[in-house]
Amino acid sequence: MGFVLKKVAMTCLGVTVLGILSNMTFVLPSMGQAGANSGRCEPRVPTGRVKCQYDNGDRYIGDFVNGLPQGRGVYVYSTGARYEGQFNLGQPNGQGVFIFKDDDRVEGVFQSGKISQGTVIFKTGDRYVGAFDTSQQIGTPVGVGEFIYANGDRFKGEFFGGKPLGNGVFIRPDGTRCQAQFYNEELDASNGKCTFVNGLRYEGELRQGLPHGKGVIIDAKGKRFPGFFDKGQQVKK
């Protein structure tokens, strides 16, 4: 007996969404020019509420302490990106939002210019919610996080170095659910367990989020059909 698993909603993850998981890191531009001696600020005070135009074309409006942004303010880059929120010693620090020129945005808690916890909202409608590694110069997901696709699919699990590594679960809007210890952004696994709204279950190896390799189908009555699978289709008993 063979099962074509794609016909019973066992396409846990498609190639079209995997590319997003591998491209979740981003770079927040430096605010190294944000000092009183690198441009013109009015009023000309070291501490207070100011408006500044920097030599590199960046602009700032907000609170100043000892010649640096500190408190609340808005920093507008010459590239068209901007940061709105809390500052400390000239760097984003505290609650804030960074909006890229292409409309991607990062919202959450910043530490010394780096996002530490929050949400990345891509212009495509996809989102990532979770923690970031502040030891890296780029925004890198780490720990437990959740990626929510514009089509309603969701992946929640452990991230390391910006990629899935560890326990996770993928859920489709129709209720299809695959849980495993995933090894990479392609969502390969050796111990996957999938459940489907039609009562079927799958246990076994996954590749790109699909049954692939050695596994077993379990029907609604508990009958087991072991075999080998290729891209979601049973090819050998």
Side-chain angles (χ1 to χ4, degrees), residues 11-32 77 79 81 83 85 88 91-172 176-194 204-213 231:
T11 53
C12 299
L13 261 185
V15 177
T16 54
V17 295
L18 290 173
I20 299 172
L21 279 175
S22 64
N23 190 32
M24 289 175 55
T25 57
F26 53 88
V27 179
L28 298 180
S30 170
M31 292 184 178
Y77 296 83
T79 61
Y83 170 80
N88 185 51
Q91 296 292 330
N93 199 86
Q95 197 72 34
V97 54
F98 190 98
I99 304 171
F100 291 87
K101 185 179 180 179
D102 65 2
D103 292 330
D104 290 345
R105 63 172 57 210
V106 183
E107 301 177 354
V109 179
F110 292 77
Q111 292 182 5
S112 301
K114 303 174 184 177
I115 183 70
S116 63
Q117 181 79 32
T119 301
V120 182
I121 304 173
F122 298 93
K123 60 182 178 182
T124 59
D126 301 313
R127 290 179 290 147
Y128 169 79
V129 182
F132 295 84
D133 188 351
T134 56
S135 69
Q136 303 293 319
Q137 292 300 315
I138 60 177
T140 304
V142 69
V144 176
E146 184 172 13
F147 201 94
I148 305 160
Y149 303 92
N151 66 0
D153 294 343
R154 308 169 76 93
F155 173 79
K156 184 175 184 179
E158 297 175 320
F159 289 81
F160 184 78
K163 301 176 181 180
L165 183 64
N167 294 324
V169 59
F170 183 80
I171 305 171
R172 297 189 72 95
T176 300
R177 183 184 182 97
C178 287
Q179 190 166 357
Q181 184 178 73
F182 295 101
Y183 302 137
N184 50 32
E185 69 270 29
E186 285 82 19
L187 298 186
D188 295 342
S190 58
N191 61 344
K193 294 182 179 180
C194 300
E205 298 172 359
L206 300 174
R207 181 173 293 176
Q208 293 190 344
L210 291 171
H212 187 99
K231 299 177 181 178

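By convention here, the first residue in the shown sequence is residue 1.
Put simply, the residue from Arg127, Lys156, Arg154 that forms a side-chain hydrogen bond (donor to acceptor under 3.5 Å, both in side chains) with Glu146 is Arg154.
With contacts defined as side-chain heavy-atom distances shorter than 4.5 Å, the pair Phe159/Val142 does not qualify. In this structure, the side chains of Pro92 and Ile115 stay at 4.5 Å or more apart for every pair of heavy atoms. Within the 4.5 Å cutoff, no side-chain heavy atoms of Phe132 are placed close to those of Thr140.
The nearest pair of heavy atoms linking Ile121 to Thr119 is CG1-CG2, 3.7 Å. Residues Pro164 and Glu185 come closest through the heavy atom pair CD-CA, 3.7 Å. For the residue pair Val106 and Phe100, the shortest heavy atom distance occurs at CG2-CE1, 3.8 Å. Across all their heavy atoms, Arg207 and His212 have their closest contact at NH1-NE2, 3.4 Å. The minimum heavy-atom distance between Gly192 and Ala180, with the atom names listed, is CA-CB, 3.6 Å.
To the nearest 0.5 Å, the span separating CG on Asp102 from OG1 on Thr124 amounts to 10.0 Å. To the nearest 0.5 Å, atom CD1 of residue Ile99 and atom CG of residue Asp104 are 11.0 Å apart. The CG atom of Asn88 sits 7.5 Å away from atom OG of Ser112, with the distance rounded to the nearest 0.5 Å. Note that SG of Cys194 is 9.5 Å distant from CD of Gln179, once rounded to the nearest 0.5 Å.
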Would you please test Val169 and Arg177 for side-chain contact (heavy atoms from CB on, under 4.5 Å) and show each step?
CA-CA 7 Å; Val169 59; Arg177 183 184 182 97; 3.6 Å; yes
Using the rule given for side-chain contact (heavy atoms from CB on, under 4.5 Å), can you reason through Tyr77 versus Phe98, listing the C-alpha separation, both sets of side-chain angles and the distance that settles it, and then say yes or no?
CA-CA 11 Å; Tyr77 296 83; Phe98 190 98; 3.4 Å; yes
Decide side chain to side chain donor-acceptor pair (under 3.5 Å) for Tyr183 and Ser190; before the verdict, give the C-alpha distance in whole Å, the side-chain angles of both, and the deciding distance to 0.1 Å.
CA-CA 9 Å; Tyr183 302 137; Ser190 58; 2.6 Å; yes
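Taking a cutoff of 4.0 Å between a charged side-chain nitrogen and a carboxylate oxygen, Asp153 and Arg172 qualify as a salt bridge. A salt bridge links Glu107 with Arg105: the distance from a Lys NZ or Arg NE/NH1/NH2 to an Asp or Glu carboxylate oxygen falls below 4.0 Å.
The aromatic rings of Phe147 and Tyr128 are tilted relative to each other, their planes meeting at an angle between 30° and 60°.
Residues forming a side-chain contact (heavy atoms from CB on, under 4.5 Å) with Asn167 (at least two apart in sequence, or on another chain): Glu158, Gln181. Annotation: side-chain hydrogen bond (donor to acceptor under 3.5 Å, both in side chains) contacts of Asn93 (sequence neighbours excluded): none.
You'll find the ring centres of Phe155 and Phe182 inside the 6.0 Å limit.
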